[in-house]
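Throughout, a chain's letter reflects where its sequence line sits, starting with A, and its residues are numbered from 1. Side chains are part of it too, since the values below use all heavy atoms of this structure and drop only hydrogens, waters and symmetry mates.
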Amino acid sequence: MAILEVKDVGKRFGGLQALGDVNLSVAENTCHAIIGPNGAGKSTLLNCLIGKLIPDTGSVMFDGKSVLGRKPHEINQMGISRVFQTPEIFGDLTVLENMMIPIFAERDGAFALNPLKMADKQADVIERAEAMLEDMNMADKRHMHAAAMSRGDKRRLEIGMCLSQQPRLLLLDEPTAGMARADTNNTIDLLKQIKDERDITIAIIEHDMHVVFSLADRITVLAQGTPLVEDTPDKIKGHPKVREAYLGESA
Amino acid sequence: MFGLNSKDTRLLLIVAALCLFAPFLLNPFPEGSELAQFNAGYPDLMQRFVIFGIFAIGFNILFGLTGYLSFGHAAFLGVGSYSAVWMFKLLGYNVLPGIVLSVIVAGLFSLLIGFISLRRSGIYFSILTLAFAQMSFAMAYSVLTPITNGETGLQVYTDDPQFLMGANSPNVPHLFGLQMNATYKMELGAWLFQFNAGYYLCAIIMLVMFYLAVRIFRSPFGIMLRAVKTNQNRMNFTGLNSRPYTLAAFVISGMYAGLAGGLMASMDPLAGAERMQWTASGEVVLMTILGGAGTLIGPVLGAGFIKYFENIFSKINDSVLHGWFAFLPDGLEDFVVAILHPFVGKGWHLTLGILFMLVVIFLPGGLIEGGQRVARLFRRKKQTPDGKDPEHHPKPAPHVAE
Ligand SMILES: Nc1ncnc2c1ncn2[C@@H]1O[C@H](COP(=O)(O)OP(=O)(O)O)[C@@H](O)[C@H]1O
Ligand SMILES: [Mg+2]
């Protein structure tokens, strides 16, 4: 069954048709990759899913409910988490505090007035945050200011923050961009492990074909705001249109 | 202690000790000596130190944690003062009902203004709060005269009802009979120390409010407020609604301001519209930034610093200067006095302004950062040269540049 159903979504920026009639259906507990050249509209599509942008036309259904017209925090509370193309973390806070925030959001909801509780006595939250940092291999950095970390670490932290919410749909926007090869392989292993161990659906935008072919169950190729083809990785590899429009270009 | 970690407990105890011994600490110079004019240990000024301390502690919960810079917090202070004086007029001079009402009314008023102003952020938010405060100020002066007594200011008259006044209740603000202006004077040799009931009431309340602020800083709620400041986008995409968090911070800081206003009226049962003017709102911004926005104790230091300047530096006039430099040859004496003249007396604003600029430019973290740097210098000397400071994190971005 499709957990995410995008129908005829279009989005214009002034004279630019960033998305035109995008149809996309992501099956539950699969990994769906979206590839395409720079400027194809991949990030814009994700923005329309999480309430950052409101599409001009079409509909977006998550788990049978429309996400359009809902605020970003409401959409997140429905179970969609997103990793951004440039890491979005809480730079002034420590790594541990960063990791605690999404867990608080999951435990206490969108708003909790608890000014007299002590954060360092929330054992359940801290335990989960520490465990996630352990999984992310960054337990030793827990008291660092997040802004002081390397870009790769920031991204890993962001992935961890999204995972700690136990989302049903995880959106990843070029999670390995700017990572060293070793870090990329670690990320692939991590995402594979997540996929195998949890009931989670993943939609991933990625330029690195190694990552895409290691993870994806299905692939959509987007070019100039419209889906070119959608198929299994094996079929996509041999698809002439894709070779011409995307793989050829990037080779 | 009180559920705080050892570092915060120590800070709280230090602040408590400073408050308790303030009459001694602020009067280090013997009466009648040249330097006695630098003494700040008289009731009036000590009350102002702690009252503005409360104001700044509350302001820091909004500005220091969330980064939302309100330019209208004096409105809540003014509303608090008016509420307290009304209680004196209607019920009597016991300060308790007035203080309670000032917090409640300021809370409701800040809920309204915050609800509207927080629809915008950054400079637009600041301007909205400024506009509301100036509007309140202008209205208090004119159309609201029946409530505020306009230009004269609200005060208690002998024909006011004062329903709860007994036959022998004191005719000045008091707390269950303890008069706020009661002062015990202690003479020790050439020194004079003054212990004032009103000061100690304000100081105890400030300690409680300081403790509450520490709890807020260390709570999950406090983490969320800091999250608002550093990345509101991430917060919203993490399933948190930042709007009620900022509104709660706004109302809490508005209630602190109202409390400060209520205490001000309790020390001196008067309330005037000028208390709501934008200069008063700006002053608390200066206090917070000067002391160190986002730090626990910084705003209190900033408040003390500015009030000290306002009350002590402003009293140094030319004849005082001539007294100091009398040992110089006449021509030189006049010259030195002429140079210093713009910086003292009515010119204290100039000195304060220059100090403020120096702090903002060289110590973006405020006086607290200055203190930390000095402390670090000493610590480094004690350590082995290659000893690393485990607590030395990179500093977050300065608050002022935002
Ligand atoms: N907020 C925006 N305002 C105007 N144009 C935008 C905006 N976001 C994206 N675009 C434009 O839309 C097109 C698609 O961008 P994007 O979705 O970021 O591409 P991709 O992620 O596939 O590289 C680009 O031409 C980009 O310049
Ligand atoms: Mg992109």
Rounded distance [0.5 Å steps], CZ in B/Phe221 versus NZ in A/Lys117: 13.0 Å
Which of A/Cys162, A/Ala110, A/Pro102 touches chain B most, by non-hydrogen pairs under 4.5 Å: A/Ala110
Residues, nucleotides or ligands: over 12 heavy atoms within 6.0 Å of A/Leu16 CG: yes
Under 4.5 Å from a heavy atom of chain B, the part of A/Lys71 involved: neither
Heavy-atom contact with chain A under 4.5 Å, split by part of B/Asn233: side chain
Smallest separation among heavy atoms of A/Ile89 and B/Thr230, with atom names: O-OG1, 4.4 Å
A/Asp199 CG: over 12 foreign heavy atoms closer than 6.0 Å: no
More than 12 heavy atoms from other groups under 6.0 Å of CD1 on B/Ile361: yes
Residue pair B/Arg234 / A/Phe90, side-chain heavy-atom distance below 4.5 Å: yes
Chain B interface, residue from A/Ala146, A/Ala147, A/Ala112 that has the most non-hydrogen pairs under 4.5 Å: A/Ala112
Donor-acceptor contact below 3.5 Å, side chain A/Gln165 vs main chain B/Thr238: yes
Sorted by number, residues from residues 240-261 of chain B in contact with chain A (heavy atoms, under 4.5 Å): B/Leu240, B/Asn241, B/Pro244, B/Tyr245, B/Ala248
Any side-chain heavy-atom pair of A/Asp92 and B/Arg226 under 4.5 Å: no
Approximate separation, where rounding is to 0.5 Å, of A/His73 NE2 and B/Asn236 CG: 7.5 Å
Heavy-atom pair of closest approach, residues B/Ile223 and A/Phe104: CD1-CE1, 4.5 Å
Pick from A/Lys121, A/Met118, A/Glu158, A/Gln77 with the largest number of heavy-atom pairs that fall under 4.5 Å of chain B: A/Met118
Side-chain heavy-atom pair B/Leu212, A/Leu116 within 4.5 angstrom cut-off: yes
Toward chain A, the part of B/Met224 with a non-hydrogen atom under 4.5 Å: side chain
Neighbour count >12 (heavy atoms, 6.0 Å) for atom CZ, A/Arg12: yes
Options A/Asn114, A/Asp120, A/Val125, A/Ile101, ranked by heavy-atom pairs under 4.5 Å with chain B, top entry: A/Asn114
Contact origin within A/Met78 toward chain B - heavy atom pairs under 4.5 Å: neither
CD (A/Glu28) with more than 12 external heavy atoms under 6.0 Å: yes
